[in-house]
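When a residue number appears, it is its place in the shown sequence, counting from 1. Quick note: numbers below take in every heavy atom, side chains included, and nothing from hydrogens, waters or symmetry partners. Keep in mind it's a predicted model, so treat the numbers as computed, not measured.
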Amino acid sequence: WSSDVCSSDLSNIVVIGTVTERAWVRTQSWRLADDEIKVVDEYKYLGAETGKVRGRWNTFLSRIWAATRKHCNQVMWMAGGRRGLRPRSLLHLWEVYCRPKVEYAPELWEGAISKSWVDKMESLQTKVVRVALGTPSSASAAGLRAEAGLQTLVSRRWAARLTFFRKLAAAPRGNLASIIFRCRCVEVDEGRAQRSWCHRTKALLERLNLDLLWQPMQREPLSKVQWRAVVQRAVKERAAASEAALVAESSTLSLYRRS
């Protein structure tokens, strides 16, 4: 390791453990390459802050939500006035300019965030679609998505998470990430690691009736093309059922239901 890699300016210590363990670590002096390094609550790596015991993703989500909202306000401002954008152009800007901001690294945090964050993320898309279609604030979000031909953000994150699961399952057996992944899957099958990424992914597979895709130790996963086709079909079916239920419950979509 070179001194550039082991830089104290680029390194911090994040403690995952009990309150007592975290408090003890803070009483100690830690050094790397003869320089003191700090003990912090969370660490930003590859653009995502993580490490907190509670509200693990809150800092990261707050940042990407604010950045996405800023982009949304920009495109909605361009859409206003007599010479504004056409609805399709505004929706296209949402898909290529705004949405990627709020979908950064969803494979990691989907399933580990609160419902309030899920709703907050969806509200960004709903607001843009409402402006694009020129509908009142009372318009149903499910109806707006159906009119615009858009999926919920959560269903897109499901697909991303399962795509990453397949990547881990197909990794070479000697790969460190593969070894850790397979050990964690064994723990999940034994009823342990109930707050782990693998446990939440298994629950998602069961929710989508894709139980057979779990068992990365017993057989090789499907090819990328087959996996994508199976997952996308299951996600769309589940999302369509959820949207249909929302439409059926909405009093403002009574005419839409008749059509």
Side-chain angles (χ1 to χ4, degrees), residues 14-19 21-22 41-62 64 102-122 151-222 224 226-228 230-239 241-242:
V14 177
V15 184
I16 306 299
T18 64
V19 174
E21 290 169 339
R22 297 198 302 273
D41 293 328
E42 59 185 353
Y43 184 76
K44 185 177 182 180
Y45 181 68
L46 296 179
E49 296 91 344
T50 186
K52 282 186 176 179
V53 177
R54 293 186 178 181
R56 180 180 180 184
W57 297 103
N58 284 352
T59 302
F60 168 69
L61 294 176
S62 296
I64 65 171
V102 82
E103 289 186 332
Y104 185 77
E107 303 91 341
L108 302 180
W109 49 269
E110 167 53 33
I113 63 176
S114 64
K115 185 179 184 303
S116 63
W117 268 119
V118 173
D119 295 340
K120 201 171 182 179
M121 297 295 185
E122 294 291 347
Q151 292 178 262
T152 58
L153 297 182
V154 68
S155 65
R156 290 174 54 84
R157 295 196 298 269
W158 290 345
R161 186 184 186 97
L162 295 182
T163 298
F164 187 57
F165 174 82
R166 190 260 169 206
K167 184 176 182 179
L168 290 173
R173 298 298 177 97
N175 185 294
L176 177 59
S178 176
I179 294 173
I180 295 173
F181 166 71
R182 294 173 187 280
C183 288
R184 183 65 83 183
C185 288
V186 170
E187 292 178 345
V188 171
D189 285 335
E190 293 174 348
R192 298 183 289 146
Q194 296 188 6
R195 299 184 64 181
S196 67
W197 185 90
C198 289
H199 182 272
R200 294 188 178 101
T201 303
K202 183 179 182 180
L204 176 59
L205 286 169
E206 293 172 348
R207 183 179 182 185
L208 297 176
N209 296 320
L210 295 176
D211 312 50
L212 293 178
L213 297 185
W214 176 266
Q215 298 302 338
M217 279 66 66
Q218 276 67 25
R219 59 175 180 273
E220 292 298 318
L222 300 174
K224 288 184 179 180
Q226 292 175 316
W227 184 278
R228 185 180 300 110
V230 170
V231 167
Q232 289 291 351
R233 181 171 61 251
V235 168
K236 287 182 178 179
E237 289 176 355
R238 178 71 185 191
S242 298

Expected output: side-chain [X] to main-chain [Y] donor-acceptor under 3.5 Å:
{"X": "E21", "Y": "V15", "value": "no"}
{"X": "W109", "Y": "Y104", "value": "yes"}
{"X": "Q151", "Y": "K236", "value": "no"}

Can you list every salt bridge (Lys or Arg N to Asp or Glu O under 4.0 Å) pair that touches residues 157-166, not counting sequence neighbours? E110-R157
Can you run down the salt bridge (Lys or Arg N to Asp or Glu O under 4.0 Å) pairs that involve residues 199-208, sequence neighbours left out, and say none if there aren't any? D189-K202
Taking all non-hydrogen atoms of both residues into account, name the closest pair between [X] and [Y] and its distance.
{"X": "D41", "Y": "V14", "result": "O-CG1, 3.9 Å"}
{"X": "A193", "Y": "E187", "result": "CB-OE1, 3.8 Å"}
{"X": "K44", "Y": "G47", "result": "CE-CA, 3.9 Å"}

Please enumerate all residues that pass side-chain contact (heavy atoms from CB on, under 4.5 Å) together with R233, with sequence neighbours excluded. V230, E237
Return the set of residues passing side-chain contact (heavy atoms from CB on, under 4.5 Å) with A239 (not counting sequence neighbours), or none when no residue passes.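 A239: side-chain contact (heavy atoms from CB on, under 4.5 Å) contacts with S155.
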Below 4.5 Å, heavy atoms only, C-beta onward: do [X] and [Y] meet side chain to side chain?
{"X": "W158", "Y": "V231", "answer": "no"}
{"X": "L213", "Y": "L222", "answer": "yes"}
{"X": "L205", "Y": "F165", "answer": "yes"}

Parallel, tilted or perpendicular for W57 and F60, by the 30°/60° rule?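 Plane angle over 60°, so perpendicular.
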Residues that F164 engages under ring pair (Phe, Tyr, Trp, His ring centres under 6.0 Å), provided they are two or more places apart: W197
Could you give the distance from [atom1] ([X]) to [atom2] ([Y]), rounded to the nearest 0.5 Å?
{"X": "L61", "Y": "S114", "atom1": "CG", "atom2": "OG", "answer": "8.0 Å"}
{"X": "L153", "Y": "K120", "atom1": "CG", "atom2": "NZ", "answer": "14.5 Å"}
{"X": "I113", "Y": "L108", "atom1": "CD1", "atom2": "CG", "answer": "12.0 Å"}
{"X": "H199", "Y": "C185", "atom1": "NE2", "atom2": "SG", "answer": "11.5 Å"}
{"X": "R195", "Y": "R56", "atom1": "CZ", "atom2": "CZ", "answer": "9.5 Å"}
{"X": "I180", "Y": "L168", "atom1": "CD1", "atom2": "CG", "answer": "10.5 Å"}

Does a donor on one side chain sit under 3.5 Å from an acceptor on the other, for S178 and R173? no
Candidate pair V188 and T201, rule side chain to side chain contact (heavy atoms under 4.5 Å, CB included), full reasoning: CA-CA 10 Å; V188 171; T201 303; over 6 Å; no
Sequence neighbours excluded, which residues qualify as salt bridge (Lys or Arg N to Asp or Glu O under 4.0 Å) partners of [X]?
{"X": "E42", "value": "none"}
{"X": "E190", "value": "R192"}
{"X": "R238", "value": "none"}

Residues two or more places apart in sequence or in another chain: which of them pass side chain to side chain donor-acceptor pair (under 3.5 Å) with [X]?
{"X": "Q194", "result": "none"}
{"X": "E107", "result": "none"}
{"X": "Q232", "result": "none"}
{"X": "S242", "result": "none"}

Lys NZ or Arg CZ of K224 over W227 ring: under 6.0 Å, within 45°: no
